[in-house]
Amino acid sequence: MTQEYTAESQVDGAEDNDPPTSRFRAFVDRVRGDRGIWRRGLVLAVLAVLTALLMILHAQVPNRIGNLGSLMETFLPWLGLLVPVILVGALVRRSATALIALLLPAVVWVNLFGGLLLDKSGGGGDLTVATHNVNAENTDPEGTAREVAASGADVVALEELKASAVPTYEKGLAGTYKYHSVQGTVGLWSKYPVTGSSPVDIGMGWTRAMRATVTTPKGEVAVYVAHLPSVRVKLHAGFTANQRDNSADALGEAIADEEIRRVVLLGDLNGTMNDRSLNAVTSQMRSTQGAAGDGYGFSWPAAFPMARIDQIMVKGVEPLSSWTLPRTGSDHLPIAARIEL
């Protein structure tokens, strides 16, 4: 018994001490001997290919049925979560076919969104701007005003201003911002002179967008503040965004007609840069987060941000950095950017 045990131990020990090359050869031999490795996991392979096609051809997903295309584009980066799920399934199934097919969505996702993981922010700049949907149901407008004032921004836009809360924000921001204008449910606060404030008609029936000229030490900047209509996901109607889409078209027309070369748009657009329905705006302006941000910059919902529906967009100026600010009493995170005029 002792001799047998010793012999077996020596064999086991020899296997444990095999060099990595020998182990790799043994693995390859096992793979070659497994004839089902290419037949297993075909469903996973198909799922991988479909995921890649959805990301590549997202603009072709029709909006006619419940605005399905816009809904998918709002959360498009999250399709990447299917990659590790399929990977685990492929390893469990020991499927070479699924593993090879998985390369397709992985490469597509990195090509579309990998760059957003990098920190593209730089130093310097002439003007810091910020925007925040303060939420009409915010129970702490005083604290929100303090947080906004502490942001260091030169120009601040607020959306979803409740009429009864406007005096609170005016009082809380007065010490930092000498100039301000409130139009309907949106407002603009600035350390520099604000002139020419007026509502922008986005077809809502009440004012949820405005335009003003801010005169900075480097010259005039046309600043737009907008809160586009909310969207809803309904079982019987899908992604209801028609009113938002029409308002985006109206806002895009107003910005296209702007006479001042430098333009900044601040606001809650209730849509991401990937959403084709915002093309009237996004086609003529740059996202500060996309051009000079650190990470995705998701802003909503504040408790667990999943999408960047709050936007800072520019035309005729250079974005240098873009970031999210600490959470306030709102269900949105405030966001900020530094630009060069």
Side-chain angles (χ1 to χ4, degrees), residues 120-134 145-159 161 166 169-184 186-200 207 209-227 251-252 254-269 281-282 284-294 297 299 310-325 334-341:
K120 300 179 290 296
S121 60
D126 305 309
L127 187 71
T128 300
V129 297
T131 182
H132 189 24
N133 179 327
V134 295
R146 286 195 301 270
E147 291 287 344
V148 170
S151 68
D154 302 306
V155 176
V156 171
L158 300 182
E159 303 87 46
L161 288 168
V166 169
Y169 288 107
E170 290 177 329
K171 180 180 178 181
L173 297 173
T176 305
Y177 302 99
K178 184 177 179 180
Y179 309 93
H180 86 281
S181 174
V182 174
Q183 304 286 335
V186 296
L188 183 68
W189 278 258
S190 173
K191 295 178 181 179
Y192 305 121
V194 174
T195 58
S197 296
S198 61
V200 174
T207 302
M210 63 173 288
R211 179 238 178 251
T213 299
V214 176
T215 304
T216 76
K218 293 292 185 71
E220 292 184 338
V221 180
V223 179
Y224 286 77
V225 182
H227 182 196
L251 178 62
I255 293 173
D257 293 337
E258 177 57 53
E259 296 180 354
I260 296 178
R261 182 178 63 86
R262 299 173 176 137
V263 183
V264 175
L265 169 61
L266 307 168
D268 174 6
L269 303 190
V281 177
T282 58
Q284 58 178 317
M285 306 190 79
R286 299 174 68 192
S287 162
T288 59
Q289 187 68 25
D294 179 7
S299 63
D310 301 276
Q311 305 289 350
I312 298 177
M313 303 181 67
V314 298
K315 180 168 70 171
V317 303
E318 185 67 24
L320 296 179
S321 57
S322 187
W323 63 95
T324 56
L325 293 166
I335 60 175
R338 186 80 173 161
I339 60 178
E340 184 177 49
L341 302 178

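The figures that follow rest on heavy atoms only: side chains count, while hydrogens, waters and symmetry mates do not. Along the sequence shown, residues carry numbers from 1. Quick caveat: nothing in here was measured; it's all calculated off a predicted structure.
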Looking only at non-hydrogen atoms, find the nearest pair between [X] and [Y] and report the distance.
X: Arg338; Y: Gly125; value: NH2-O, 3.0 Å
X: Tyr177; Y: Asp154; value: CE2-O, 3.6 Å
X: Gln284; Y: Ile255; value: OE1-CG2, 3.8 Å
X: Pro319; Y: Ile339; value: CA-CG2, 4.0 Å
X: Leu325; Y: Ala336; value: CD1-CB, 4.0 Å

Reported [atom1]-to-[atom2] distance for the pair [X] and [Y], which is rounded to 0.5 angstrom:
X: Ser321; Y: Gln289; atom1: OG; atom2: CD; value: 10.0 Å
X: Glu340; Y: Leu127; atom1: CD; atom2: CG; value: 11.5 Å
X: Tyr224; Y: Leu266; atom1: OH; atom2: CG; value: 12.5 Å
X: Arg262; Y: Thr216; atom1: CZ; atom2: OG1; value: 6.5 Å
X: His132; Y: Leu161; atom1: NE2; atom2: CG; value: 10.5 Å
X: Ser322; Y: Met313; atom1: OG; atom2: CE; value: 11.5 Å

### Query
Of all residues at least two apart in sequence or in a different chain, which pass the side chain to side chain donor-acceptor pair (under 3.5 Å) check with Thr207?
none

### With sequence neighbours excluded, residues passing side chain to side chain donor-acceptor pair (under 3.5 Å) with Thr282
none

#### Entry: Distance-only side-chain donor-acceptor flag, Glu159 / Thr131, under 3.5 Å
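Judged by distance alone, the side chains do pair up.
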
### Task
Verify, without hydrogens or angle tests, whether Thr288 (side chain) and Ile312 (backbone) share a donor-acceptor contact under 3.5 angstrom.
yes

### Query
Ignoring hydrogens and geometry, is there a side-chain-to-backbone donor-acceptor pair from Arg261 to Gly316 under 3.5 Å?
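Here the side-chain-to-backbone pair exists.
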
### Task
Sequence neighbours left out, what passes salt bridge (Lys or Arg N to Asp or Glu O under 4.0 Å) with Glu318? Give chain and number order.
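Checked Glu318 against salt bridge (Lys or Arg N to Asp or Glu O under 4.0 Å); matches are Arg286.
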
### Query
Do any pairs count as a salt bridge (Lys or Arg N to Asp or Glu O under 4.0 Å) and have a residue in residues 209-221, sequence neighbours left out, and if so which ones?
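For residues 209-221: Asp126-Lys218, Arg211-Glu258.
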
### Any Pro334 side-chain heavy atom under 4.5 Å of Glu147 side chain
no

### Message
Going by side-chain contact (heavy atoms from CB on, under 4.5 Å), Leu265 matches just one of Val129, Val223, Leu251. Which one?
### Response
Leu251

#### Entry: The single option from Asp310, Asn133, Asp268 passing side-chain contact (heavy atoms from CB on, under 4.5 Å) against Ser299
Asp310

Solution key, residues 187-195 side-chain donor-acceptor pairs under 3.5 Å, sequence neighbours excluded:
from   : atom 1 : to     : atom 2 : distance (Å)
Ser190 : OG     : Tyr192 : N      : 2.9
Ser190 : OG     : Tyr192 : O      : 2.7

### Task
Mind checking side-chain contact (heavy atoms from CB on, under 4.5 Å) for Ala149 and listing every partner two or more places apart, or none if nothing turns up?
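Leu173, Thr176.
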
